[in-house]
2 protein chains.
Amino acid sequence: MEEHSETIGSGNNGIGSLEETQEIRQRRALAELAEAEAHHYDVNKYERPSVTVDVLMMSLRQRDLQILLIKRRSWPYEGMWAIPGGFVMMNESLEAAAKRELQEETGVQDVYLEQLYTFGDPGRDPRTRVVTVVYFALLDSERLQVRAASDATDVGWFSVYELPQLAFDHQGIIDYALNRLRNKLEYTTIAFNLLPDHFTLRELQSVYEIILHKRLDKRNFRKKILSTNVLEDTGEKKMEGTHRPARLYRFNPEAEHKL
Amino acid sequence: MEEHSETIGSGNNGIGSLEETQEIRQRRALAELAEAEAHHYDVNKYERPSVTVDVLMMSLRQRDLQILLIKRRSWPYEGMWAIPGGFVMMNESLEAAAKRELQEETGVQDVYLEQLYTFGDPGRDPRTRVVTVVYFALLDSERLQVRAASDATDVGWFSVYELPQLAFDHQGIIDYALNRLRNKLEYTTIAFNLLPDHFTLRELQSVYEIILHKRLDKRNFRKKILSTNVLEDTGEKKMEGTHRPARLYRFNPEAEHKL
DNA sequence: ACAATAGTGTCTGTTAGACATTATCCC
DNA sequence: GGGATAATGTCTAACAGACACTATTGT
């Protein structure tokens, strides 16, 4: 959840005589909107761009950073893969539209969702003018596995490091997102959103290694993470294979501590 | 300039038989748009939000961080101050719309401009659904002074630290922008956009102090800045008042060096 | 010489990165 | 005891922050 959305209220407390009905107000509003912005242009006289929300869903699968793409079935970019998205409905927030998209494609709820950037160059979609607000979501690998089987054949997970040719400006969007993710990894606790509730330090280190795309020193990594107190020892251990079991930790959100 | 815009192409190279005229293609596009997105909803059947671009223009004036606001003349929020903005035209990019806004309000060009965030809660504007892409601009104080006199009476510069009651969710937008600006100050060379070409180290320090809203140690500040090699000594000196003159520096963009 | 701001260096505590060995489990 | 991964500490170089005095100008 973008920290921002709490501080920005919806500003719905309009100033005006309280006796007015909603209808009268609405009608007058349109007239005044046109008037107030007259030095720009008449709002009703011009076409409006379409507004869509695209959601880049990212998860760790097969020791890799993967994203969900859908295959296009018609012009333009027919047969190419694209980031899922859809139109914003008149009375849902941008974030609500993103959550709806997320729900439709993966069935998951309550995941980390952050607004990335808004792309609106004329010509980025040859059909019509489309302004798209892009969000990215981080899905915890464990909950996701359950639904992996339900994927249709024109929906697929791809490694961000080996992507097919993408439709529109979507490759650029992914580059941008990866950049943002890498940066935030260093100074926020964003990484925990890609792990299940309980995890080992090795698993956490793997998250960093996969996203930063480089090896990290085990001792320095553990030292740094543990010194921030964002981890809580659950007391449990995770045994797999024939070797010493690893402690299981849990993210401590009390310590809203930045790394 | 947002570094992003270079990497994201406009994706204008549509795939389709080259013999098609633009008109045929456009007509088919609309049909296919509706079909392709059918599981969302029919694009032509629903209203579209308005898309606006708001531009938060910031500058250092009177040893203070100030922003440009305009006074609203009609409902809603009549008489309150607001961030200037306007509708996006069908064939201009979001950034172009922001530049147009900037030009209209201040007459300046070639300033630092960065997309901040997109606000689109239903109800944030009681007239109609408005999705607004907010940019912020940093204006160098010197060039701005020239045009300061041309301001109309319902346009004004305000200290970000003493703002009047603002229309819509604009106070929240400003909080968000100030946050972003403060963060970027620490790890980018964004501050130089608020100064004229030549400036003294003391002036640069003032930029940081005003924006971060706290005093900095002179010696540590100079040590840190000079160690990054982003400054070039012009050889000139700036004399004002009855004391030792200060060296004038120039920003060295070669050293795209992060702080 | 005085008023006013420019300009400079040292010390200290913290952090980031390089690096190798011991511990615990299953078989 | 062998195979496999978990867990741990030290040293060093770089950086951040506290702190006070000298330099240069105009009057």
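Below, chains carry the letters A, B, ... as their sequence lines are ordered, and counting in each starts from 1.
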Test: A:E236 and A:R247 ion pair at under 4.0 Å: no

Tell me if the side-chain of A:R202 makes a donor-acceptor pair with the base of D:dA6, cut-off 3.5 Å, by modelled atom types. no

Which is more 5' along DNA chain C, the nucleotide nearest B:R244 or the one nearest A:R244? Just name the residue. B:R244

Side chain B:K237 and base D:dT24 donor-acceptor under 3.5 Å: no

A:T118-B:T118 side chain donor-acceptor pair, cut-off 3.5 Å: yes

Taking the side chain as everything from C-beta on, heavy atoms only, tell me whether A:Y117 gets closer than 4.5 Å to B:Q115. yes

For the pair made of CG in A:D233 and C1' in D:dA7, what is the distance, rounded to whole Å? 12 Å

For the side chain of B:N220, starting at C-beta, report the closest nucleotide among C:dC25, C:dG9, D:dA7. C:dG9

A:L201 CG to C:dA23 P: how many Å, rounded? 20 Å

Centre-to-centre under 6.0 Å for A:F221 and A:Y208, is that the case here? yes

Rounded off to whole Å, could you give me the CG-to-P distance for the B:L204 and C:dA6 pair? 13 Å

Would you mind reading off the distance between B:L226 atom CG and C:dG9 atom C1', rounded to a whole angstrom? 14 Å

Is there a donor and acceptor pair, one atom on the side chain of A:K224 and one on the base of C:dG17, closer than 3.5 Å? no

According to a strict under-4.0 Å criterion, is B:R222 in side-chain N/O contact with OP1 or OP2 of C:dG7? yes

Considering only heavy atoms and no angle criterion, is a donor-acceptor pair shorter than 3.5 Å present between the side chain of B:K223 and the base of C:dT10? yes

So if I take every side-chain heavy atom of B:T242 and compare against D:dA20, C:dC25, D:dT25, which nucleotide ends up nearest? D:dT25

Closest to the 5' end of DNA chain D, once A:R247 and B:M239 are matched to their nearest nucleotides, is A:R247

Atom pair distance, as rounded to whole Å: CD1 in B:I225 and P in C:dT8: 14 Å

Can you check the A:R215 CZ to C:dA18 C1' distance for me, whole Å? 16 Å

For atom CZ of B:R219 and atom C1' of C:dT5, their distance in whole Å: 14 Å

Is the closest side-chain donor-acceptor distance between B:S59 and B:S141 under 3.5 Å? no

Length of the line joining B:L248:CG and C:dA6:P, which is rounded to integer Å: 11 Å

